[in-house]
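Here the structure is laid out as structure tokens; the discussion comes afterwards.
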Amino acid sequence: QRVERRAAEPWDAQSVDSTDGSAQNRLLIKGGRVVNDDMMQDADVYIEDGIIKQVGTNLHTPGGTRVVEAKGHLVMPGGIDTHTHMQLPFMGTFAVDDFYTGTRAALAGGTTMIMDFAIPQKGESLVEAYHRWRSWADPKVCCDYALHVGVTWWCDKVGKEMEELTEEHGINSFKMFMAYKDTWQLDDHDLLESFKQCKEIGALAQVHAENGDIIKENTAKLLDMGITGPEGHELSRPEEVEAEATNRACVLANQVGCPLYVVHVMSKSAADVVSNKRRQGHIVFGEPIAASLGTDGTHYYHKCWRHAAAHVMGPPLRPDCETPKYLMDLLANGDLQTTGTDNCTFSASQKALGKDDFTKIPNGVNGVEDRMSVIWEKGVVSGKIDPCKFVAVTSTNAAKIFNIYPKKGRIAVGSDADIVVWNPHATRTISAKTHYQAVDFNIFEGMEVHGIADYVICHGRVVVEEGNVRAVSGMGKFVPTPSHSPYVYGRVQERDIANAPKKVDRAPYDGPVIQLNNQG
Ligand code: URP
Ligand code: ZN
Ligand code: ZN
Ligand code: ZN
């Protein structure tokens, strides 16, 4: 069975059900196999007004209820992409997929919620940046979204704003950059201050883990040698540059008892750091992305400049082509927990800003549309993870860590009706020619994937139906993420008490003490 995907049509945005009446509000997903992170069951799912009302067999449902036939299909929580950058102003331009095209593409692939980043410029108010992102996203989003906020500089006011964002604006995660020297990078002192503040307010500290000083040093050398092409991007920041920063972030966070979340884990050695630190009792989470699970860094050496440049992102994909399998195995055994995409897309003419200098190629790749299929293919079809684990790493774990579970990430009575009816047998071939994203390149071009979102239900509305997307700008909502997630902070207090330094009671020394003179 092969499902053909057609390209986006201009009328799609308007073609949403105008009958927002009773039938639209009642939906029965019938005959499928419901998959949660901890169990599977053959059951029907009844939805009313965007909320799951019943899960079971022989359900009594009111007349006029729309029925979606799911026989032979899996009924799973919609995907949560923990890491996107829609319309990000970056490196002199804006990411081409905005909150409309990006979230519409997300839905097409079975993702019903994204988590994006509001990133203030150095010296700019974090709260103002948050409001700016809200003003961009709110009118455009087709699916639900939450925000992480970047901490790109430090002073006491930044700490106060973090508190305000957590208490009043539904932010429970802050991203600190260890790369992008001279723009967003924080030094160790400022990292420590921001980690301490995260802990104080019950937020999760996130890091972009790469050593920006080393990258600056290597970049100058490479350009001097005449290496100006996209391979220079990878050569300037090899694997150990990511691993060093990952280790340093873990140590700094652990020293102040702050839970840590490492975004875009791209290499074996960085992933090993996360695994090992977890074994040592650190509270640390790791997020590989569709790109690092689905492709590799050999593309930087491609003879076609445009092809190589399309893969430029930071940290880079790794030339070691075993990396994707390795990262998937760590997701399988629980050493890594969530999957994002770092979706931050730039078309050929934007990438070309760096045609003569790799440092000017806007960093970022696609993924938001294909993440679910790529993980299904590389994880489930390869036999590394089962459907329950697939749900865990694409949805549930994110909902737990970011404290929106079980509203999101679960098929259960009372949860939001964000559901994907997954056809595990159908195949499609990923291509920029047929994808919904606005970008003109797809890093997964030509990959044949099993697993297709036959139906996607967002807030109880059928928004994807056999390959057609019917989404409307502004249909999604901002989802506040409350502080002190129990999945993150559940053992912090006890751990602090257990690990607290203990004073040794002893009799004071009462012998002689030498006198220090001023020359000493
Ligand atoms: O290359 C990347 N990753 N672009 C987006 C910004 C970031 O650091 O996540
Ligand atoms: Zn980053
Ligand atoms: Zn990112
Ligand atoms: Zn089907």
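The structure presented is a predicted model; accordingly, all values stated were derived computationally and were not measured. Whatever order the structure lists them in is the order used to number ligands and atoms, beginning at 1. Just the heavy atoms: all of them, side chains too, but no hydrogens, waters or symmetry mates, feed the values below.
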(message) With a cut-off of 2.8 Å, does His83 put an N/O/S atom close enough to the Zn ion (ligand 3)?
(response) yes
(message) Would you say the Zn ion (ligand 3) has His85 as a near neighbour, meaning an N/O/S atom of that residue under 2.8 Å away?
(response) yes
(request) Could you tell me which N, O or S atom of His208 is nearest to the Zn ion (ligand 2)? (result) ND1
(request) For ring pair (Phe, Tyr, Trp, His ring centres under 6.0 Å), just list the numbers for Trp133 and Phe478, CA-CA rounded to whole Å, side-chain angles, deciding distance to a tenth of an Å, and then say yes or no. (result) CA-CA 11 Å; Trp133 255 263; Phe478 175 73; over 10 Å; no
Considering the heavy atoms of [X], write down every atom of ligand 1 situated less than 4.0 Å from one of them.
X	answer
Met313	1 (O), 3 (N)
His264	8 (O), 9 (O)
Gly364	1 (O)
His83	9 (O)

(message) Would you call the rings of His307 and His311 parallel, tilted or perpendicular, taking 30° and 60° as the class edges?
(response) tilted
(message) Please identify which of these residues, Glu242, Arg318, Glu239, meets the side chain to side chain donor-acceptor pair (under 3.5 Å) condition with Ser269.
(response) Glu239
Can you report which non-hydrogen protein atom sits closest to [atom], along with the distance?
atom	answer
atom 3 (N) of ligand 1	Asp342 OD2, 2.6 Å
atom 4 (N) of ligand 1	Asn363 O, 3.2 Å
atom 1 (O) of ligand 1	Gly314 N, 2.8 Å

(message) Please report whether the ring centroid of Phe402 lies less than 6.0 Å from that of Phe285.
(response) no
(message) Check whether Glu210 reaches the backbone of Arg237 with its side chain - one donor and one acceptor, N or O, closer than 3.5 Å.
(response) no
(message) Strictly below 4.0 Å, N to O, side chains only: are Glu164 and Lys160 in salt-bridge contact?
(response) no
(message) For the CD atom on Glu240, are there more than 12 heavy atoms of other groups (residues, nucleotides or ligands in this structure) within a distance under 6.0 Å?
(response) no
(message) Within a 6.0 Å radius of atom NZ on Lys384, are there more than 12 heavy atoms belonging to other residues, nucleotides or ligands?
(response) yes
(request) Just go through Tyr180, Phe90, Phe177 and tell me whose heavy atom is the nearest to atom 8 (O) of ligand 1. (result) Tyr180
(request) Write the atom name of the N, O or S atom in Asp342 that is nearest the Zn ion (ligand 3). (result) OD1
(message) Tell me whether Phe117 reaches ligand 1 (any heavy atom closer than 4.0 angstrom to a ligand atom).
(response) no
(message) Please evaluate residues Tyr326 and Asp272 with respect to the criterion side-chain hydrogen bond (donor to acceptor under 3.5 Å, both in side chains), reporting the C-alpha separation (whole Å), side-chain torsions for both, the decisive distance (0.1 Å), and the verdict.
(response) CA-CA 10 Å; Tyr326 193 85; Asp272 282 344; 2.4 Å; yes
(message) Cation-pi check for Tyr405 against Lys400: NZ or CZ below 6.0 Å from the six-membered ring centre and within 45 degrees of the axis, yes or no?
(response) yes
(request) Confirm or rule out an N/O/S atom of Lys175, from backbone or side chain, lying less than 2.8 Å from the Zn ion (ligand 2). (result) yes
(request) Of the side chain and backbone of Lys175, name the one, both, or neither that has a heavy atom under 4.0 Å from an atom of ligand 1. (result) side chain
